Amino acid sequence: MLKRLLSVLPILAVLAFKQAPTLPRVITPTFKKDTINIITYGAKADGITLNTKSINAAVTACSKKGGGVVVVPAGLWLTGPVELKSNVNLHLKKEALLQFTPDFDQYELVQSNWEGVPQWRNQSPLFANNQTNIAITGFGIIDGSGEAWRMVKKDKLTETQWKKLVASGGVLSSDKKTWYPSEKSLKGSTVKNAGYITPEKTLEDVKAVKDFLRPNLLVFNGCKKVLLEGVTFQNSPAWCLHPLMCEDLTVRNVYAKNPWYAQNGDGIDLESCKNVVIENSTFDVGDDGICIKSGRDAEGRKRGKPTENVVVRNCTVYHAHGGFVIGSEMSGGAKNIYVDNCTFIGTDIGLRFKTTRGRGGIVENIFVNNIVMKDIVAEAILFDMYYAAVDPVVLAGEKREPPKVETLPVTEETPQFKEIYITNVVCNNAEKAVFVRGLPEMNVKNIVLKDMVLRAKEGLYMTEADGFVFKNVKLYTTNTDPVLNVHNSKNITLEGIDYSAGSNVLINVSGEKSKGIVVTKTDTGKASKKFTTTYGANEAAVEMK
């Protein structure tokens with residue numbers, strides 16, 4: 001079918017709070033049945049022959065003939081960068097391993113985009129620019145030789161693993177806590193904005209830090225009608241899958257796999273994309289699992305393209321900094337996004353919404369439903385407007401100072417999180433159930449959390465929030481002093497809250513700005529104290545119905 005209407009998600013249960021927009025139509029590509037085997041163009045599966053020219057020649061010939069399928073048979077196929085072209089489906093047969101070479105010289109420096117900003121990068125192993133009707137499908141494995149590119153932190157390896165890595169070559173940082181694969185890679189880490197494209201920077205300047213400018217495994221830029229299906233994408237130098245400003249993208253039955261310690265080893269980063277479905281896929285990676293982005297700071301606002309009309313369903317995320325994530329580079333905005341029937345096991349954070357001052361951008365109309373979580377290392381649900389580009393879990397011996405709280409003027413650089421609806425969530429074991437940290441000048445606004453069972457050490461911590469509704473939320477926590485902590489927040493409705501019997505304090509309200517906090521249809525007698533007020537909060541801020 002040329003078009004298929006995405007099924008209506010059960011998330012429509014939240015319509016009592018918000019009328020959901022119509023789900024997007026996503027056009028999937030179709031291809032001629034004509035096939036070209038890369039062997040015809042001289043490719044050899046001996047693990048030694050560099051097949052870059054052969055594979056690209058097959059893709060080019062297929063596209064010029066009007067398209068079709070380029071077949072990668074079973075075997076180990078060593079190659080440099082491969083460029084996808086219009087109307088071509090690159091199809092990996094079962095037991096096919098497309099192995100990208102660890103030889104950095106095969107990857108030329110190109111002007112690309114990294115973390116939402118135009119930058120010099122090494123050419124991505126798989127790339128396409130402004131192509132239409134393209135796909136990578138099949139049953140094989142695509143390996144990016146990420147171990148040749150990545151820096152590694154000592155704290156993330158065992159002593160034996162660290163000694164083995166250091167003995168393999170490379171160089172160490174001055175504090176001996178980070179391993180780099182080469183002197184150029186180490187040098188790049190010491191240069192501020194090493195890859196940024198600026199008028200005064202020469203190509204020779206960039207070449208001096210070339211090894212530091214790790215490519216994403218797959219970058220499709222400005223493409224339309226794209227399909228990724230069935231293939232395992234693994235061991236990426238940086239992000240695994242990076243669709244950038246693409247339209248009509250389908251990601252189905254893929255497996256994105258990186259070592260858990262892989263710095264910047266995201267699973268998929270949708271950046272300024274429109275009309276997308278990600279379904280039946282698995283992510284086990286070193287950074288965020290499924291991530292929504294739209295550019296960084298002024299560059300993202302200048303581009304002005306939100307990621308919009310996205311459906312994520314029936315996906316599983318294992319290790320990742322976040323299961324489903326929006327931000328932090330969301331300066332172009334994100335809207336009309338639907339997440340349904342996903343499972344997060346062992347992720348650092350489950351649902352992660354992150355931004356910081358300077359980004360700007362509006363995240364709105366986000367609908368999340370039917371989420372199962374287990375063994376979440378930090379927060380099950382997090383909204384944080386003070387993101388500081390650090391690991392979500394503090395490493396052993398690491399000290400972090402809390403952010404300085406001050407009220408600044410609202411400008412185009414002020415980000416916004418609003419109109420987000422999360423329903424039907426079950427979490428078994430997390431450090432903290434819900435964490436909300438808005439800005440004094442721009443609270444996290446109009447959020448509904450409904451029908452949840454959350455088991456965690458800590459319950460709710462909220463500061464600078466406005467217009468939250470918690471309905472039928474069960475918070476079973478180890479720390480019950482208090483179960484709910486609300487600071488400088490207003491218009492908060494807590495309806496039908498359940499919690500552990502014998503809790504010390506149900507809710508602590510703090511801060512002079514707190515007001516309009518209503519607790520209703522809740523058995524407050526299960527706690528020794530219904531509520532307490534601290535740090536200037538007025539008892540009149542809380543109403544018990």
Side-chain angles (χ1 to χ4, degrees), residues 50-53 55-56 78-84 100-130 144-153 165-166 168-222 235-240 242 244-245 262-266 269 271 293 295-300 302-303 329 331 358 389:
L50 195 63
N51 293 295
T52 314
K53 291 183 179 179
I55 297 173
N56 281 295
L78 185 67
T79 184
V82 172
E83 182 178 7
L84 264 287
F100 285 95
T101 177
D103 179 3
F104 293 176
D105 291 340
Q106 300 301 317
Y107 303 86
E108 64 177 317
L109 286 166
V110 296
Q111 293 191 8
S112 183
N113 191 286
W114 169 245
E115 292 190 335
V117 178
Q119 294 196 37
W120 287 99
R121 309 301 296 178
N122 284 279
Q123 179 64 70
S124 289
L126 286 164
F127 69 100
N129 293 304
N130 302 311
S145 288
E147 74 284 348
W149 296 89
R150 288 189 296 263
M151 65 284 290
V152 180
K153 295 179 180 179
L165 179 63
V166 172
S168 71
V171 293
L172 295 178
S173 59
S174 58
D175 62 5
K176 309 301 181 184
K177 292 184 177 181
T178 305
W179 176 89
Y180 291 86
S182 69
E183 290 285 356
K184 285 185 178 180
S185 180
L186 174 59
K187 181 178 180 180
S189 72
T190 66
V191 176
K192 185 178 180 180
N193 299 330
Y196 275 46
I197 299 171
T198 58
E200 66 276 7
K201 187 176 293 183
T202 68
L203 186 57
E204 292 304 313
D205 294 330
V206 183
K207 285 181 178 178
V209 296
K210 180 180 188 294
D211 300 0
F212 179 74
L213 305 175
R214 295 171 291 146
N216 298 332
L217 176 57
L218 178 150
V219 176
F220 286 171
N221 178 20
N235 199 17
S236 59
W239 297 350
C240 202
H242 183 202
L244 172 63
M245 294 187 286
Q263 192 165 327
N264 309 114
D266 299 36
D269 292 276
E271 184 174 349
K293 299 180 182 290
R296 182 187 184 111
D297 299 344
E299 289 289 346
K302 180 180 177 182
R303 181 199 293 164
E329 304 93 352
S331 302

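No experiment lies behind these values; they were computed from the predicted model shown. Heavy-atom basis, side chains included; hydrogens, waters and symmetry copies ignored.
Atom NZ of Lys293 is separated from atom CG of Asp266 by 6.0 Å, given to the nearest 0.5 angstrom. Separating the CG atom in Leu172 from the CE atom in Met151 is a distance of 13.0 Å, to the nearest 0.5 Å. Atoms CG and CG, from Leu244 and Asn221 in turn, are 4.5 Å apart once rounded to the nearest 0.5 Å. For the atom pair CG (Leu84) and CG (Leu218), the distance works out to 7.5 Å, reported to the nearest 0.5 Å. Between the CD atom in Gln106 and the OG atom in Ser145 there is a gap of 12.0 Å [rounded to 0.5 Å]. Separating the NZ atom in Lys184 from the OG atom in Ser189 is a distance of 14.5 Å, to the nearest 0.5 Å.
Between the side chain of Ser331 and the backbone N or O of Gly295 there is at least one donor-acceptor pair closer than 3.5 Å. The backbone N or O of Ser124 sits nowhere less than 3.5 Å from a side-chain atom of Asn216 that would complete a donor-acceptor pair. The closest donor-acceptor contact from the side chain of Ser185 to the backbone of Tyr180 lies at 3.5 Å or more, if one exists at all. In this structure, Thr52 contributes its side chain and Gly80 its backbone to a donor-acceptor pair below 3.5 Å. Not one N or O on the side chain of Trp149 forms a donor-acceptor pair closer than 3.5 Å with the backbone of Pro102.
With a 6.0 Å radius and a threshold of 12 heavy atoms from other residues, nucleotides or ligands, Lys187 has its NZ atom at or below the threshold.
Nearest heavy atoms, Trp179 versus Ser168: CZ2-OG, 4.2 Å. When all heavy atoms of Gly188 and Ala194 are compared, the pair lying nearest together is O-CB, 3.7 Å. Considering all non-hydrogen atoms of both residues, Arg121 and Ser112 come closest at CG-CB, 3.9 Å. Nearest heavy atom pair, residue Val171 against residue Ser182, reads CG2-O, 3.4 Å. Residues Pro81 and Phe127 share a closest heavy-atom pair of CB-CE2, 4.0 Å.
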Original post:
Does the side chain to side chain donor-acceptor pair (under 3.5 Å) test come out yes or no for Asn113 and Arg296, once each step is laid out?
Top reply: CA-CA 10 Å; Asn113 191 286; Arg296 182 187 184 111; over 6 Å; no
**OP:** Start with the C-alpha gap between Leu109 and Asn122, add the side-chain angles, then the distance that decides, and say whether side chain to side chain contact (heavy atoms under 4.5 Å, CB included) holds.
**Re:** CA-CA 5 Å; Leu109 286 166; Asn122 284 279; 4.3 Å; yes
**OP:** Kindly determine whether Gln263 and Arg150 satisfy side chain to side chain contact (heavy atoms under 4.5 Å, CB included), including the steps that lead there.
**Re:** CA-CA 7 Å; Gln263 192 165 327; Arg150 288 189 296 263; 5.8 Å; no
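Side-chain contact between Asp269 and Glu115 is absent, with no heavy-atom pair separated by less than 4.5 Å. Counting heavy atoms from C-beta on, the side chains of Leu126 and Phe100 come closer than 4.5 Å.
Under the salt bridge (charged side-chain N to carboxylate O under 4.0 Å, His left out) criterion, the residue pairs touching residues 194-219 are Glu204-Lys207, with sequence neighbours excluded.
Between Trp239 and Trp114, the two ring planes are tilted [angle within 30° to 60°].
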